[in-house]
Structure formats: structure tokens, C-alpha cells
Trainee: 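One structure coming up, written as C-alpha cells, with questions to follow.
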Amino acid sequence: MTAPVAPANPGMVTLTIEGRIVVVPPGTNLIEAAKTAGVLIPHYCYHPSLPVAGVCRMCLVEVEKFPKLTPACATSVGEGQVVHVHSDKAREARKGVLEFLLINHPLDCPICDQAGECELQDYTFAEGRKDSRYMEPKRFNPMEDFGGDVLYVPNRCILCTRCVRFMDVMAKDPVLNVSERGDRAYIGKFEGRDLTHAWAGNVVDLCPVGALLSKDFLNRARAWELDRAASVCPSCSQGCNVMLETRDNVVVRIRPRPNAAVNQHFACDVGRMNYRWINRRDRLEYPVARTANALTPASWSEAVQQAAAAIGGATHVTVLASPSLSNETLFLLSRIAVHVGASSVMTMERGDEVPLPGVPDLSLRAERVANHTGAALFGSTESDAPLASLAAGDVLIVADAAASVTTIPDGVRVVVIGTVLHESLLPHVVAALPVCNFAEEDGTFTNLRGRVQRFLQAKAAPAQARPSYRVVGELATALGAGSFPPLAADVFAVMAATFPAFTGMTYRTLGLQGAPLPLLVEASA
Amino acid sequence: MGYPHLSHGRETPVISKYFGDAEARTLAGWQARGGYEVLRQALATDPVDVQNVVKDSGLRGRGGAGFPTGVKWSFMKPDGKTHYLCINADESEPGTFKDREIMRWTPHQLVEGAAVAAHAIYAETAYIYIRGEYTEPIARVREAVREAYAAGILGANAMGSGKRVDVHVHKGAGAYICGEETALMNSLEGRRGNPRIKPPFPAVAGLFAQPTTINNVETVCAAIHVLRNGADWYKSLSSPSNPKSTGTKLFSVCGNVARPGNYEVGMGFSMKEFLWDVCGGPPPGRSFKAIIPGGSSVPILTPEECEGAVMDYEGIQAAGSLLGSGGVICFDDTQDMVRQIARLARFYAHESCAQCTQCREGTAWTTKILERIRDGQGTMKDLDTLLEIADNMTGKTICVLSDSCATPVVSGLKKFRHEFEAKIPKNRSSVMVPSFTTAAA
Ligand SMILES: Cc1cc2nc3c(=O)[nH]c(=O)nc-3n(C[C@H](O)[C@H](O)[C@H](O)COP(=O)(O)O)c2cc1C
Ligand code: SF4
Ligand code: SF4
Ligand code: SF4
Ligand code: FES
């Protein structure tokens, strides 16, 4: 027994990893401790959101005074430890693991969707052998449909069990297992079960290699062709942080972006799959305005003027805005509503609530809209029959909510601020102003727990469409409701200065992880 | 006795005293031979005192690792938690069949040993995990447990002591790896029999996450005799040369040997006398070529290395191998060591639980290369590759099954390299790769 070392930092553990001093809380494992020093300990089976399995043995590191190499994922930090990640012994061990993982691997990177974002590929390039010593026949198992969106390619599987652990521990829906033993082992699916759980698609992201593939994304793009933008999933009020991945200006995949306060590393299948609408081609591409009895293309200023004139001359104004618009746009709409004394209403799509049991407060929410919290803050009320009180002489402002509009009474004029122009509205429209969808502009959503989160532009807008906050800002100005800046960050600043709920927040303080509304922080303090 | 052969005069039959004596199998027979008196006394004794006697005796685990049994028991503290005892009767190591005979002939010895050990570790429940293929031993132990319950020896008021001792018999399903202590616990819990990463150690969180002790069949049986006759008596059974190896040990002897069977000798017994005298040496007209002294997982010895060795933990280690589980496998001069080692490797490849990369892939790859060499398709480079694979498989995995596969390869290549080389066609630099085969489930 060595004498206990007096802690250099009381309450914390101080150790040396690759020559760097690291101070972390007790119980931290060596992989996480190394991360804080900017050192990556190569690993496969370890995942910060899953229980430790310690099976791949890729993370073996040398700790001075330990008799053997130790798995960094399953080793807690100890006071005064000296850890070597790149010593000869540790490198040799990893090289051995990589060789073992590759002997039965088909080496089919050229046709594998994972290529370019594959940890087997990356670590092999970094520190694997340059040749193969394996001269025996390779193991072969046929590809299998795991149900849901998931395909299993067993020949690429490294049996890290991340997928099994996710389904067992996180989804609490044990569909997957390790079947067989020895090199005959593979990931099996229990008889009659499928990966149909609403969160099952996460296994595709968790898989460090190309063994679990998304059917939806199959052969869509090579990883290196994708552009990625930090965003927030708009498909429900949970507000999972996601990455919008585009190829040639088309969103081809949505994947979760880690945020410990919201979704850890996960996103549900509804959110993942709900992106085709973002790429719709039947968009409203230029402003239109009514001249005589026809809707004709107009310049931006003509269309805005015409919309303002109609609103200004209305008996009563109703704003029907989508609760999936950004805080910025909803704020500006509220300026108009206040200025002209309009009523603000919204409708909400609902579905079943499906939690991910392994993560507290993470659920596919019943409210399948991104920003009902924001909408409510800005004075919008939910209504089953939002247009019931419309009468001749009224003006209805439809802000990206066309789908929820059914029949409009005669004599009601409609101003459309939207991505599409719904046919049923055509006879009533006085002006239609084309706007970006959320993937084409910057903005923020407030999730159901009051967390304000930014999303960044991921693709270009079609033709003349402009960011919605800018269009609404111009309309507000034309109505005399004040003048507003043209950039999202500045609109946010005006909003934060106007609405106490947002006091002190800026795009900078939000960063890419968001922050809870200051009022909520106070209330819970 | 050296069942199926007659006992040899130089044996020290303690645990094996009643092997071949069918009457010892029944409760009445066992009690007539003094059975369950140790349990009666133990139940009236403070567990710490029981632990201390066993500690003093120097008894070490007979399952392979040789951990001091009394020390292991002393990890279990009266902490108010539910404790469990697991008796490891999975005995699947090739060449080891001593627990089988204990259970076949003296099932009550095991039941008594289990009950004593349970009491010593503050447990009320013991599970006896028996290898599934052991149909007769399972039947015998089940019958003994039934008898013991019927007689009030087990149950809520064991032997009238007011203490509860329950013993359950669990039948394994045919996986060598379930003999590894944490895999055994997973298997008992109804999970896949995969070894667990340590820590936590079983004494902290074992079966059902409760403090657990796991002991081999022979270990707890030896403990009865220690408690009956005292620590000093136990130590007197062994040669004093290696004081850390005490008492007697059952050795299972198999392979090319005149009298295969189980033999119980005092620790420190001369291996030469054991092999040539007690076991009768090689079959007539043959000579020994190699001996694996402690079950298939330990390094192979040459007869020369065996001659000077004594049979205890330190003695066999000094000779270059390990006492392991006490399974002595003999190979005579007609044996093809490449074929034998390839066969051992195939066993490990088949039994790897598949968790650790090195073990899952390394055991199978090693087997394929060895079988290729065996079939005359090897190259000299394969021999280096084998050693490098073995190195990559050693000391890096969750349990030591991976190491166990590498061990005979490394020692075999060191000691019988000429046999490997003789199978490699001269001047061969590349091999014919066999046609693509499928290894689907
Ligand atoms: C792969 C593997 C298989 C094992 N099989 C057995 C076995 O069949 N029987 C046994 O008693 N111990 C076996 N062991 C050893 C056990 O893990 C454990 O050390 C032993 O049961 C402890 O009991 P003891 O202290 O009484 O020896 C095995 C170990 C490994 C790594
Ligand atoms: S399919 Fe992927 S995640 Fe699952 S065990 Fe195989 S490599 Fe790991
Ligand atoms: S839970 Fe909601 S926010 Fe998260 S991915 Fe699913 S739909 Fe999107
Ligand atoms: S070494 Fe082999 S048998 Fe042991 S845990 Fe690892 S894979 Fe399983
Ligand atoms: S990451 Fe540590 S063993 Fe797999």
C-alpha cells in the first residue's frame, strides 16, 4: 500500500494526464478527466450518456504504479495519478485492438455510409497497422432489417454494445441483445421485436461504426459532403439541440447535438424524420399584392405598403401566428398586435407524449410545435376555433400558419407572412410576403421549460424570401409601431430590453447551448 | 481414493476419503461418518472465529486463483445487508474433474461445506452453481439438499440453531465462462453469463448487487476438515517447505497416463513421484512428452521441468507453470503438440464470452492459424504472429480467459517449437487461402 496522498485541491482530485495537470471531481473517469485537458483517449464502447461497459478495451492507458494497463472508461481518477495515453505500451495495446477489430471487418468503407465519420476508420488511420496479417477467411453474416429506421450490417459490427445498452437502459425497451459467443457473436433482435420505439433511431448515432445505418439516410451523401449548422429541433416543445446537415442546400439529415440540460446526446425519430418539409420546392418565392381583382408579383415595398394599408383600415385585426415561429418574429408580431389592438391566437398540433425513460425530463412532447412558450409570452392564446369571431371588415394576419386556416368569412382580408401561399386563402389575400423557414434564418425558440435556445441558418432561402423577423419588422415600421433592426441578434436585444422575461439575455450569453429565462432562474432560486 | 483406481498408499485422503463408498452419499451414511457435526458447532460459533480458524489454516481457494479463503471470508462484515454465498461447481476447465467426484460420492460434504461457509460470511443463502453437463452430480446434490431440508439441517432453523441457512442448486447451461465468478453471478441472476468489470468486487456488490463470497466446491469441503481438526492439523498435512501452501489438494489426472483419476496428496508432494509412482507413469512402452499441471489454462511443462517440482502453489510456479485447478493433463511421445494446442485454443475460442475485443477475435484468430499450421499450410511468419497475438491477448481483458488461451500457445511454442516448424513446408512464404466460407449464426 502506498501512503495516501494529501489532495492538492480539497474536494477535487488532482492528477497528471499526458504531462498536463488535471483537477476534476472525485469519481470522474479517466476519459472524461482527459477531455478536460484536451486529451482524447481513444474509445469505442464508452459513451458519456450510457452506463460503462468496459468491453472494447480500446481505452487502455498506462497509469504509473498500476501493474497492468487499465481501461480509462472504467477507472476513476486518483489523487496524484500519472496517466500516459501515448506511451509505447498503451499505443501497442490500441494497435492490437484495432488489428483485432479489423481482421473480420469487410473494409468496405467506399460503400459504407459511416465512412468519414467512423471511429474505426479514424483511429486506424491515426494509429493502426498499415498492413494486414490476417490470411484466414473472414466471418460473414447477412445484413438485417432491425425495424424502424435501422439496418444492421453485422460484418462491420465491433460489438461495443452501445446499441444494446441504449435500448436496455435508456429506452427501457430491450429489443437488442448480444447473441452467440466468441467470434460468432452478433447483435440479435428478440423474436418478434423491432426497433420501433420513438427514440430507437439514436442507436444509429451511437454506433461508432457503420454497423447500424439509417434507412432514411442510406446512400444519401458522403459524410464529408455535408454542411452542418447548429439548430434546435422544431418538431416539439422539448427543443432538442440538433445539427441540420445539408448537402447542396438540401437538408438530408437531422442529428442530435449534445446538450446536457435538454437532450443529452439524443433526438427522437419524429424529430429526425421531420425534415422533408424544410426542402419543399412549392414555396412562396416573391412578394405578391392585389391589384384590381388579381394577385400579381409586387416589389417588397409595394407589398408591405399594401399589407400595412389593409391592416390600418381594418375594423379589427386578428394575428394567427404559428407557435413554431422564432421568439424574434413572434415578438415583432406582438408589436403590431399591440399597436393596432389586434387579438393574437394560435393553434397547436398534438400527438402522444413519448418519454426517453433513461433521461430525466426528456420526452417527445405532446405539443408538436417548437415555441408555444414563446408565443404565449408574447400574448398569443391557444384556440380551437381561432377564426370564429372574424367578421366582414376584419383583417387576418396569417403568419406561417396557413395549414390551420379553413374557411374565411366573406369580407375578411388576409395578409400572409409565410413560406407557402395556401390555396384556400387566395380569394382573401391582399398581400403575401415570402419568408424563410427556420432552417433558412437565425432565431431562438423558448422550450416548454423556458429555455431559450438559438438556431442558426443552415441553408439559403428560395428566391426573394426574407427572414421572417425582418419582414415582420418592416411591416411593423410601415404601421408606425416603431423601427426595428434588420438582424436577428439585434431584434433579440430589443426584445430583451422590452420584455422583462428576457432581461439580460443576448445571443452571446445564450451561446449554442441556450439558457433558461432569467425569471425562471429567479423563481427557482 | 484415486477413483476409478484404488487409492494409492501415498495419498492423504481427507476430502476424498469416502470416494467409492456409496453409503457416504446418504444423509444417514454421512452422519454416521461424523457429518454435520462441524456445521452444528460452526452455527454456535461467531463467524469471525470461524473465519480466523480458516485464516490460520492457510487454506487457499481451490478454484484456480488460490486466494486465501479465510481472508476472503473476512471481507464480509456484519453490515445488516443480505449476503450471498455462491459455490462454484461449474468445473468446465479441460482436465479438471475433482469437484465432480466430490459431488458424486459425498454430496453432503458439499452441502455441509456450503452451510458452514454461508454462516462464516453472515449469509443465509447459498447457491450451488453446477455445470449443466454434470447430470449425476446435480441429481446427487439435489437429493442431499432435499434430505438436509427434511432433517431440519437446512431451513429457517438450521440444526436447531435458530439461524436460517438455505441452499439452492442451480444447473448451468453449458458455458465454461460461467465458472468465472462474476459471470456465474450474472448467470444466476438470469443474465447473459458475461464477466463483470471490477470494481465493484463481489464482496462489495456481487450477486443481486449484495455482498457475495464465491468459493470452489473443494474449498468449502476442505474448510469442514479444517474446522473439525484445527488449523495446525491441516498445516501438518502438507510439506513445510512452502508454508503458504497448506493441507491437501485433489488432482485430477487425465490423458496419456497409466492410472488416470483423482488423487489427493499433501501440498508439496513431489511431482515426479506423483506422476511416475502414484499415477503409474506413462502408458506402457511410452514416455511423457508434456504435462499441463493445473488445468488447460496454465503453461505446459516438459517432463524434465516436472521432475524437480513439488506440487503446491509456489512449487509449480517455480517450475514455470501454475497449480491452477489441479487438473493434470499428460501427453505422451505419440502426441502431436500442434494438434493438442490447436484443440485447446479452439476450446477457448468457442467459450469466449465475446465481450473483450482481444479475446473474441484473438482466440478465434489463434485457432485458425494453429489449425492451418496443423494442416501443413503454415509459414514461419505465423509463429511470430502467434506470439504477437498472444501478447496482445494477455493482461488486457476483463477476465483471464483471453490470457488462458494465449498461455498454452506461448509455452507450447517455446518448448515444442520444433514440432511447429516441422509442419511448415520448407521455403513457403505465402499460403493458399481456403475458399470463402460463411460462419453465420
Ligand atoms: C474463465 C474462468 C473460468 C473459471 N471456472 C471456474 C470453475 O469452473 N470452477 C471454479 O471453482 N472456479 C473457476 N474459476 C475461478 C473463479 O473465478 C473463482 O476464482 C473461484 O471460483 C473462487 O473460489 P475459490 O476462492 O474457492 O477458489 C474460473 C475463472 C475463470 C477466469
Ligand atoms: S451495432 Fe454498432 S453500436 Fe451496436 S454493438 Fe455493433 S458496433 Fe456497437
Ligand atoms: S423530442 Fe421533440 S425536440 Fe426532441 S427530437 Fe423529438 S421532436 Fe425534436
Ligand atoms: S476475456 Fe474473454 S471471456 Fe473474459 S470477459 Fe473478456 S471476452 Fe469474456
Ligand atoms: S471504452 Fe473503455 S473499454 Fe471500451
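Quick note: numbers below take in every heavy atom, side chains included, and nothing from hydrogens, waters or symmetry partners. Every chain is numbered from 1 and lettered A, B, ... according to where its sequence line falls, protein lines coming before strand lines.
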Trainee: Distance check, rounded to the nearest 0.5 Å: B:Ile389 atom CD1 versus A:Arg133 atom CZ?
Mentor: 6.0 Å

Trainee: Nearest 0.5 angstrom please: B:Thr385 OG1 to A:Tyr134 OH, how far?
Mentor: 13.0 Å

Trainee: Is it the case that atom CZ in B:Arg339 sees more than 12 heavy atoms from other parts of the structure closer than 6.0 Å?
Mentor: no

Trainee: Are any of the side-chain heavy atoms of B:Lys368 and A:Met135 separated by less than 4.5 Å?
Mentor: no

Trainee: Heavy-atom count around A:Lys35 NZ within 6.0 Å, excluding the residue itself: above 12?
Mentor: yes

Trainee: Tell me if a side-chain donor or acceptor on A:Arg57 pairs with a main-chain N or O of B:Lys396 at a distance below 3.5 Å.
Mentor: yes

Trainee: Grab the two heavy atoms, one from A:Gly182 and one from B:Ala354, that are nearest each other, plus how far apart they are.
Mentor: O-CB, 3.4 Å

Trainee: Among A:Val55, A:Leu101, A:Ile158, which residue satisfies the side chain to side chain contact (heavy atoms under 4.5 Å, CB included) criterion with B:Thr357?
Mentor: A:Leu101

Trainee: Checking heavy atoms, do the side chain of A:Tyr44, its backbone, both or neither come under 4.5 Å from chain B?
Mentor: neither

Trainee: Which one wins on heavy-atom pair count under 4.5 Å against chain B: A:Ala185, A:Cys160, A:Pro67, A:Gly54?
Mentor: A:Gly54

Trainee: Give a yes or no on this: more than 12 heavy atoms of other residues, nucleotides or ligands lie within 6.0 Å of atom NZ of A:Lys215.
Mentor: yes

Trainee: Is A:Arg165 atom CZ crowded by more than 12 heavy atoms from other residues, nucleotides or ligands, each under 6.0 Å away?
Mentor: yes

Trainee: Drop me the distance from B:Thr367's OG1 to A:Glu136's CD, to the nearest 0.5 angstrom.
Mentor: 10.0 Å

Trainee: For B:Gln358 and A:Leu60, what are the C-alpha separation, side-chain angles and deciding distance, and is it a side chain to side chain contact (heavy atoms under 4.5 Å, CB included)?
Mentor: CA-CA 12 Å; B:Gln358 292 94 332; A:Leu60 292 174; 3.9 Å; yes

Trainee: Test of understanding: with side-chain hydrogen bond (donor to acceptor under 3.5 Å, both in side chains), list the residues that count as partners of A:Asp194, not counting sequence neighbours.
Mentor: A:Lys189

Trainee: Quick one, A:Arg139 with B:Glu361, criterion side chain to side chain contact (heavy atoms under 4.5 Å, CB included). Give me CA distance, side-chain angles, the key distance, then yes/no.
Mentor: CA-CA 11 Å; A:Arg139 160 180 71 220; B:Glu361 303 295 339; 3.3 Å; yes

Trainee: Taking every non-hydrogen pair under 4.5 Å, which of B:Glu388, B:Arg360, B:Gln355 racks up the most with chain A?
Mentor: B:Arg360

Trainee: Checking heavy atoms, do the side chain of A:Thr70, its backbone, both or neither come under 4.5 Å from chain B?
Mentor: neither

Trainee: Pull out the residues in residues 185-202 of chain B that come under 4.5 Å of chain A, heavy atom to heavy atom, sorted by number.
Mentor: B:Arg192, B:Ile197

Trainee: Got more than 12 heavy atoms from elsewhere within 6.0 Å of NZ, A:Lys172?
Mentor: yes

Trainee: Run B:Trp365 and A:Glu99 through side chain to side chain contact (heavy atoms under 4.5 Å, CB included) and show every step you take.
Mentor: CA-CA 11 Å; B:Trp365 189 10; A:Glu99 180 178 36; 3.4 Å; yes

Trainee: Is the count of non-hydrogen atoms from other residues, nucleotides or ligands lying under 6.0 Å from A:Asp131 atom CG greater than 12?
Mentor: yes

